Amino acid sequence: MTASPQDRRPQPKPWIEAIHAYVPGRSSGADGKPVIKLSANENPLGTSALALSARRDAGRPCDYPNPDSTDLRAALANAHGLDAARIVCGTGSDELLNLAAQGFAGPGDEVIYVRYGFAVYDIAARRCGATPVVAPDKDYGTDVDALLACVTDRTRVVFVANPNNPTGSYIPASELARLHAGLPSDVLLVVDQAYGEYLTAEEDDGGFALAAAHDNVLVTRTFSKIFGLAGDRIGWATGAPHLIDILNRIRGPFNVGLVGQAGAVAALRDTDFVRSSREHNSAERTRFVAAMESLGNHGIRPLPSKANFVLVLFEGALQAETVFGALLEAGYAVRHLPGQGLPHGLRITIGTAAQMDAVTAVIQRLAEQSA
Ligand SMILES: *Cc1c(COP(=O)(O)O)cnc(C)c1O
């Protein structure tokens, strides 16, 4: 048999070939027209004015950025009462989630996450050749017992987003502590707190405390959500020095840009902007959830959310896909995730009051028409 031309091309590793590329939220309509994006959990209030000004004065683009994000790590340590030596910054928390898998898992190992967990975990597990293991959910939320039941002697990493994307679900500190206590000490628990700043102080899940006290907990956070710096790609993680050391060895050497480092330091200082973003989100989310709950007789069910979006389930005559199309027609892109086993749900980012009114009106009209 002669080799076909395809066989002579560079061959991807089989575990890489099994990856489905991450599908970002839509930013244009069917006709390519720009739409209002309620599909990527960006901050509808934009970015802090302090951060914008610091970005403008960041420095010369011909110079490499500080390779260790030194000022940013100091500012993070100060803001959260952490040790800067236990912090690593990344090109978005995305980079750090991937490095956590790559640093501690490989072919033959297992990486666990919960069903309807963040889509990046599957990619992160496969990228390093590990086997993703999906734990069953509990009504779309994280089920600690189900996660623990998936642990085997091959388990190396467990990913939990808290609050979780795309469901908005959340487990309290007692449950997170129970999850950690149930894991073998050589399994890395990654607590992804991308939406951590949307929680109130009373809702703190204790992730930082776990990461400070134990050798096997990494907490990740991002500047992409409440801080409104998604375009700059800045994330960070905290954990024991031996964990941070591994991530430092394999991260990109200049992984956070000059502009992003300057913007993030200033964004951390603008606590007023963060507070108003949190308050805006909480008020609009409450209003939107109530409006969706009032359509319960049409099979519409908003899942309880602690984040800056709501997953609305369409379990009656009105289909999620129909609503998705009508919203796009009206100029709003939301997130439909059939590929993640959610053909009956739409993840809708909390936007401005006017945007939420418009989205609500479209859904109300369709619900009444479908009755
Ligand atoms: C948005 C999000 C992230 C953050 O991604 P970045 O790479 O920091 O922009 C991480 N985890 C979850 C669950 C998210 O929803």
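Ligands are counted one by one from 1 in listed order, and the atoms in each one are counted from 1 as well. Heavy-atom basis, side chains included; hydrogens, waters and symmetry copies ignored. Computed from a predicted model, the values in this text were never measured in an experiment.
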Per-atom contacts of ligand 1 with Ala194, taking only distances under 4.0 Å to non-hydrogen atoms: 2 (C), 3 (C), 10 (C), 11 (N), 12 (C), 14 (C)
Would you say Gly235 contacts ligand 1, with heavy atoms under 4.0 Å as the rule? no
Give a yes or no answer on whether the side chain of Asn164 reaches the backbone of Tyr116 with a donor-acceptor pair at less than 3.5 Å. yes
N-O pairing of Arg278 and Glu197 below 4.0 Å: no
Using a strict 4.0 Å threshold on nitrogen-to-oxygen distance, state whether Arg301 and Asp139 make a salt bridge. yes
Ser224-ligand 1 polar pair, N/O distance under 3.5 Å: yes
Please verify whether a non-hydrogen atom of Tyr195 lies at under 4.0 Å from ligand 1. yes
Just let me know how Arg233 lines up against ligand 1, side chain, backbone, both or neither, with a heavy-atom cut-off below 4.0 Å. side chain
Tyr170/Tyr195 aromatic ring centres below 6.0 Å: no
What protein heavy atom sits nearest atom 11 (N) of ligand 1, and how far off is it? Asp192 OD2, 2.6 Å
Taking only non-hydrogen atoms of Asn165 and a 4.0 Å limit, the atoms of ligand 1 in range are 13 (C), 14 (C), 15 (O)
Separation between CZ of Phe314 and NE2 of His336, rounded to the nearest 0.5 Å: 9.5 Å
Aromatic contact between Phe208 and Trp236, with the criterion being ring centroids under 6.0 Å apart: yes or no? yes
Atom indices of ligand 1 within 4.0 angstrom of Gly92 heavy atoms, with elements: 6 (P), 7 (O), 8 (O)
Does a donor on one side chain sit under 3.5 Å from an acceptor on the other, for His180 and Asn216? yes
For Asn41 and ligand 1, does the shortest N/O to N/O distance drop below 3.5 Å? no
Ser93 versus ligand 1: do any nitrogen or oxygen atoms come within less than 3.5 Å of each other? yes
Is the closest side-chain donor-acceptor distance between Thr220 and Gln193 under 3.5 Å? no
Could you find the nearest protein heavy atom to atom 1 (C) of ligand 1 and give me its residue, atom name and distance? Lys225 NZ, 1.2 Å
